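Just so we're clear, the structure is a prediction, and the values are computed from it rather than from any experiment. Each ligand, and each atom within it, is numbered from 1 in the order the structure gives.
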Amino acid sequence: MDKYISLQDLEDAATEILSKPTVDYFRSGATEEQTLAENKLAFQRLRILPKCLMGITGADLRTTILGHEVSMPIGIAPSAMQQTAHPDGEVANAKAAQAEGTVYTLSTASTCSIEEVASAAPDAFKWFQVYVFKDREVTRKLVMRAEKAGFKALLLTVDAPIFGIRRSELRHKYILPAHMRLANFEEYLPTPTDEAKEDSIRSYVGGLFDKSLSWEAVEWLKSITKLPIIAKGILRADDAVKAAKAGCSAILVSNHGARQLDGVPATIEVLPEIVDAVKNYNLEVYLDGGVTTGTDVYKALALGAKMVLVGRPALWGLAVGGQAGVQRMLNILRTELETTVQIAGIFMISSMFLLANFKYTPYDQRTP
Ligand SMILES: Cc1cc2nc3c(=O)[nH]c(=O)nc-3n(C[C@H](O)[C@H](O)[C@H](O)COP(=O)(O)O)c2cc1C
Ligand SMILES: CCCCCCC(=O)C(=O)O
């Protein structure tokens, strides 16, 4: 794996290995993909101002997330159907996170089941991504299974009342290959014929989405579980406050990897005002979207995120080398972040927000 020096190297290699429909499914964003590009460009527009002669002899990246120590503030976001990247799918990804001492988030729409992932990576700090479905009994049973299997938090996706329009998926009529399954849904899904499979899965999962959902959903989730709840898909300060008031323990500032609605801001752009809005609440703030280098991670931490999650980079790593590929991806980011911390002149992750020297204009005060 040593020949892969950057996350871009892993993406390039994965693109050679995977089929075009799968690459397009992973890579694509909503409609014109402007926000997809912006997620990365907005990081590139930010500058780091190093402090010199700070006497730093090493970088300690350890931090605490929801009271749990992780080796670095970089974890893995949920993404559906990971066996399309590698036969070991979610199991390999979770084992990589376990080996690297960080968070792994399992998607509800996974190709390895909650129980398979839990038994393969018993010591991983595992989170389970949920939707509050129209049929709440479906969600309740999934949550009970995740809780029993040792998952430590629920990541509630709040930005997907329906699926976004990704044109390449439509062009390819992207389908889950016949030999794979949505492992957490087996008890509900009719056994489809190969031909009917995609239609039945997509319409079944799509049909479960509750378009009338409100913040009451968090209250309901809290009534059925003691697990901490993280609202995933927050882009506005007022929604962040609502999440805090509804009883979430954390929020993930996310635009779903720019896959839901094109034209929304890059996540790093809205992070500072969201952090500011919830500073008086007991709420951890994380970020995902476009993180591909250690300097991106540093910038997100400096602007107030406690941790970042990566979605696509874990899929590229998985495609290239299974568990080893995901570990390589995490270690590239780890090394780049350590290097950034040392050269930028800041020692502890927890002090970064105080010491980093950014000039930042809030999103709503910028001239076009
Ligand atoms: C192929 C793919 C599948 C995804 N599946 C899910 C999912 O099942 N549930 C969910 O909440 N988010 C899903 N996401 C969004 C990710 O959790 C995450 O927000 C996003 O990928 C972060 O952006 P990044 O890919 O630039 O790191 C998916 C993203 C991708 C690329
Ligand atoms: C057929 C299940 C699709 C799950 C949706 C995954 C997702 O959120 C994505 O962005 O793709």
Side-chain angles (χ1 to χ4, degrees), residues 7 11 14 18 21-30 33 35-43 74-85 89-90 93 103-111 127-133 154-166 168-169 174-177 180-185 189 192 197-209 230-235 252-261 264 266-268 286-293 296-297 300 308-319 329 333:
L7 268 54
E11 177 174 343
L18 297 170
T22 297
V23 169
D24 284 354
Y25 169 62
F26 290 171
R27 191 179 270 162
S28 61
E33 301 190 336
T35 301
L36 184 64
E38 274 300 312
N39 268 356
K40 285 191 180 180
L41 292 172
F43 274 113
I74 305 166
I76 299 178
S79 60
M81 308 187 287
Q82 293 181 1
Q83 282 180 344
T84 57
E90 291 82 0
N93 226 330
V103 172
Y104 175 70
T105 316
L106 181 69
S107 166
T108 276
S110 57
T111 40
W127 297 354
F128 184 59
Q129 176 264 323
V130 288
Y131 306 99
V132 171
F133 289 131
L154 297 175
L155 194 63
L156 171 65
T157 299
V158 296
D159 61 7
I162 54 173
F163 292 125
I165 298 169
R166 300 131 198 187
S168 62
E169 270 178 56
Y174 189 67
I175 61 166
L176 185 64
M180 294 177 201
R181 72 231 212 267
L182 281 194
N184 297 322
F185 283 97
L189 277 173
K197 187 167 181 166
E198 167 61 4
D199 272 358
S200 65
I201 288 175
R202 228 170 230 291
S203 55
Y204 177 75
V205 177
L208 285 171
F209 283 6
I230 305 156
K232 172 179 189 284
I234 300 291
L235 287 174
L252 175 57
V253 175
S254 172
N255 53 27
H256 209 110
R259 294 163 74 79
Q260 283 298 97
L261 185 62
V264 302
T267 51
I268 192 71
Y286 319 132
L287 173 137
D288 76 17
V291 173
T292 53
T293 65
D296 293 342
V297 181
V308 302
L309 301 180
V310 290
R312 293 177 183 87
L315 294 170
W316 306 133
L318 187 61
M329 180 278 294
L333 284 180

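Taking both residues in full, the closest heavy atoms of S254 and K232 are given as OG-NZ, 4.1 Å, listed atom of the first, atom of the second, then distance. What you find for A85 and L18 is that their closest heavy atoms are O-CD2, 3.6 Å. Of all non-hydrogen atoms in M81 and L182, the two that sit nearest each other are CG-CD2, 4.0 Å.
Between atom CD of residue Q129 and atom OG1 of residue T108 there is a gap of 4.5 Å, rounded to the nearest 0.5 Å. The CD1 atom of I175 sits 11.5 Å away from the OG1 atom of T84 when rounded to the nearest 0.5 Å.
Residue S254 approaches ligand 1 through these ligand atoms, each under 4.0 Å from one of its heavy atoms: 19 (O). The distance from ligand 2 to the heavy atoms of R259 drops below 4.0 Å at these ligand atoms: 9 (C), 10 (O), 11 (O). Listed by number with element, the atoms of ligand 1 under 4.0 Å from a non-hydrogen atom of T157 are 10 (C), 11 (O). Ligand 2 places these atoms under 4.0 Å from at least one heavy atom of F163: 3 (C), 4 (C), 5 (C). Atoms of ligand 2 found under 4.0 Å from any heavy atom of Y25 (numbered from 1 in listed order, with element): 6 (C), 9 (C), 11 (O). Under a 4.0 Å criterion applied to the non-hydrogen atoms of F26, ligand 1 contributes the atoms 1 (C), 31 (C). Taking every non-hydrogen atom of G289 and a distance limit under 4.0 Å, the qualifying atoms of ligand 1 come out as 22 (C), 23 (O), 26 (O). Distances below 4.0 Å separate heavy atoms of L315 from the following atoms of ligand 1: 1 (C). Of all atoms in ligand 1, listed by their number and element, those nearer than 4.0 Å to a heavy atom of S107 are 7 (C), 8 (O). Against a heavy-atom cut-off of under 4.0 Å, G290 is close to the following atoms of ligand 1: 24 (P), 26 (O). With ligand atoms numbered from 1 in the order given, ligand 1 contributes 19 (O), 20 (C), 22 (C), 23 (O) to contacts under 4.0 Å with heavy atoms of G257.
The closest non-hydrogen atom to atom 29 (C) of ligand 1, taken over R259, H256, Q82, R312, comes from R259.
For L309, no nitrogen or oxygen atom sits less than 3.5 Å from a nitrogen or oxygen atom of ligand 1, counting backbone and side chain alike. Considering backbone and side-chain N/O of E169, none are found under 3.5 Å from N/O of ligand 2. The N/O atoms of G311, backbone and side chain alike, include one that comes under 3.5 Å of an N/O atom in ligand 1. Between Y25 and ligand 1, no pair of N/O atoms sits closer than 3.5 Å. Backbone and side-chain nitrogen or oxygen atoms of D288 are examined, and one is located within less than 3.5 angstrom of a nitrogen or oxygen of ligand 1. No N or O atom of V310 sits closer than 3.5 Å to an N or O atom of ligand 1.
Side-chain contact between L252 and I234 is absent, with no heavy atoms from C-beta onward closer than 4.5 Å. The shortest distance between side-chain heavy atoms of I230 and Y286 falls below 4.5 Å. Between F185 and L208 there is a side-chain heavy-atom pair separated by less than 4.5 Å. Counting only heavy atoms from C-beta outward, the side chains of W316 and L7 never approach each other to under 4.5 Å.
At least one heavy atom of Y131 sits less than 4.0 Å from an atom of ligand 2. Using a 4.0 Å cutoff on heavy atoms, R166 counts as a contact of ligand 2.
The aromatic rings of Y131 and F209 are tilted relative to each other, their planes meeting at an angle between 30° and 60°.
The nearest protein atom to atom 28 (C) of ligand 1, hydrogens excluded, is given as P78 O, 3.7 Å; this is a heavy-atom distance. Protein heavy atom in closest approach to atom 5 (N) of ligand 1: A80 N, 3.1 Å. Annotation: atom 4 (C) of ligand 1 to nearest protein heavy atom, S79 CA, 3.4 Å. Closest to atom 12 (N) of ligand 1 among all protein heavy atoms lies K232 NZ, 3.0 Å.
Contacts with ligand 1 closer than 4.0 Å are made by side-chain heavy atoms of Q129 only, the backbone lying farther away. Contact annotation for W316 and ligand 1: no heavy atom of the residue comes within less than 4.0 Å of the ligand. Within the 4.0 Å heavy-atom criterion, neither part of M81 lies near ligand 1. Only side-chain heavy atoms of H256 come within less than 4.0 Å of ligand 2; its backbone N, CA, C and O stay farther off.
In this structure, R259 is positioned above the aromatic face of Y25, its NZ or CZ under 6.0 Å from the six-membered ring centre and within 45° of the axis.
Remark: the Y174 side chain and the T22 side chain contain an N/O donor-acceptor pair separated by less than 3.5 Å. N255 and N39 are linked by a side-chain donor-acceptor pair at a separation below 3.5 angstrom, with hydrogens and angles left out of the test. Neither side chain, S28 nor E33, offers a donor N or O lying under 3.5 Å from an acceptor on the other.
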inquiry  = Could you walk me through whether S110 and N184 satisfy the side-chain contact (heavy atoms from CB on, under 4.5 Å) test, starting with their C-alpha distance in whole Å, then the side-chain angles of each, then the deciding distance to 0.1 Å, before giving a yes or no?
reply    = CA-CA 7 Å; S110 57; N184 297 322; 2.9 Å; yes
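The closest donor-acceptor contact from the side chain of Q82 to the backbone of S79 lies under 3.5 Å.
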